[in-house]
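One-based numbering along the sequence shown. Here the structure is a predicted model, which is why all the values come from computation and not from measurement.
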Amino acid sequence: MKTSKSIPKPDEGKTNSLREQAYGSFTEHLLARSLRPGQFVSQRELVELTGLGLGAIRELVPRLESEGLIKTVPKRGMQIAHVDLNLIRDAFEFRLFIEVEAASLFTQNASNADVARLYEEHVAIVQECEDAAAAGGIQPELVARAQSIDWGFHATIVDALGNRIINDAYRVNMIKIRLIKQEQTQLNLAVIVPTMLEHIKIIEAFKVRDAAKASQAMREHIISARNRALEQR
């Protein structure tokens with residue numbers, strides 16, 4: 001018996017590509033602060049901002065609503081996710097559930113080379129920051145690199161799980177975390193070195209393959225970040 005195979009429609013790939021372009025453009029503008037938390041925006045404005053067609057934007061909206069990045073307010077339109085106490089608590093609680101366990105598994109499964117790379121990267125950025133501070137001040141470029149190392153550290157640990165469902169949910173949550181940090185607690189001169197030192201504490205637990213210690217250090221790190229965000233409210 002012959003089996004029939006589903007044949008994609010000629011424009012199906014193009015449609016999916018436009019959806020992803022629309023999503024990528026929206027999140028890029030959101031994280032670049034072209035769109036601000038709590039801001040109201042229309043579909044037409046999103047068309048102008050992204051340079052994509054109205055059809056792609058209309059298909060984008062349900063995804064953004066399901067991910068909690070926008071909500072529709074009757075008679076007012078679409079509102080970008082607002083940074084409030086509930087968002088802060090929910091987003092950091094999600095991180096605790098995912099990253100504490102991820103740290104434990106990373107301790108057990110990460111290669112020595114990966115652990116060494118993380119350690120050397122963090123030690124180097126701390127030294128650069130301390131040297132810059134002693135020489136008169138940490139420049140924005142260095143803060144930006146430290147922020148990139150911060151995001152990369154956490155993404156590396158979660159990516160190592162190799163779980164697509166977790167990765168997708170974590171990615172959306174980290175967009176919300178970045179919105180929170182942009183509004184309140186983005187790495188700055190006061191917290192940059194302490195944050196990197198908290199990372200190093202976690203990495204040192206990786207080095208000795210102490211999963212319990214790594215999990216506890218990760219928990220303390222996330223709670224510290226959450227408390228900084230809550231203190232700004």
Just do the side chain to side chain donor-acceptor pair (under 3.5 Å) check on Gln127 and Asp131 with the steps written out, would you? CA-CA 6 Å; Gln127 188 63 58; Asp131 290 345; 2.9 Å; yes
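- Note on Glu128 versus Arg145: salt bridge recorded, some NZ/NE/NH1/NH2 to OD/OE distance being below 4.0 Å.
- Side-chain atoms of Val158 and Asn163, non-hydrogen and from C-beta on, never get closer than 4.5 Å to each other.
- Judged by distance alone, with hydrogens and angles left aside, the side-chain atoms of Gln108 form a donor-acceptor pair with the main-chain N or O of Ser104 at under 3.5 Å.
- Without hydrogens or angle criteria, Glu45 side chain to Ser42 main chain gives a donor-acceptor distance under 3.5 Å.
- A donor-acceptor contact shorter than 3.5 Å is absent between the side chain of Gln39 and the backbone of Ile80.
- Asn109 contributes a side-chain N or O that, together with a main-chain N or O of Leu105, makes up a donor-acceptor pair within less than 3.5 Å.
- Taking CD1 of Ile149 as the reference point, atom OG1 of Thr195 lies at 12.0 Å (rounded to 0.5 Å).
- Each of Glu99, Gln216, Lys201, His154 was compared with His221 under the side-chain hydrogen bond (donor to acceptor under 3.5 Å, both in side chains) criterion, and only His154 meets it.
- When atom types are taken as modelled, the side chain of Asn173 and the backbone of Ala91 share a donor-acceptor pair closer than 3.5 angstrom.
- Clustering ILVMFWY residues whenever any of their side-chain heavy atoms sit less than 4.5 angstrom apart, transitively, puts Ile165 in a cluster other than the one holding Val172.
- If you check the side chains of Glu67 and Tyr23, you find a donor sitting under 3.5 Å from an acceptor.
- The side-chain heavy atoms of Ile177 and Arg95, taken from C-beta on, include a pair separated by under 4.5 Å.
- Within the 4.5 Å cutoff, side-chain heavy atoms of Arg36 are placed close to those of Arg33.
- In summary, the side chains of Arg209 and Asn112 do present a donor paired with an acceptor at a separation below 3.5 Å, with no hydrogens or angles considered.
- Between Ser215 and Arg219, the side chains place no donor N or O within less than 3.5 Å of an acceptor N or O (distance only, hydrogens not considered).
- Taking the side chain as every heavy atom from C-beta outward, Asn227 and Phe92 never approach each other to under 4.5 Å.
- Using a 4.0 Å cut-off between charged nitrogen and carboxylate oxygen, Glu93 and Arg226 do not count as a salt-bridge pair.
- Judged by distance alone, with hydrogens and angles left aside, the side-chain atoms of Ser25 form no donor-acceptor pair with the main-chain N or O of Ala22 at under 3.5 Å.
- Using modelled atom types, one side-chain atom of Thr50 and one backbone atom of Leu46 make a donor-acceptor pair closer than 3.5 Å.
- With salt bridges taken as basic N to acidic carboxylate O contacts below 4.0 Å, none links Glu48 and Arg44.
- With respect to Glu20 and Arg63, a salt bridge is recorded, a charged nitrogen being found less than 4.0 Å from a carboxylate O.
- Under the 6.0 Å cut-off for aromatic ring centres, His122 and Phe153 qualify, their centroids lying closer than that.
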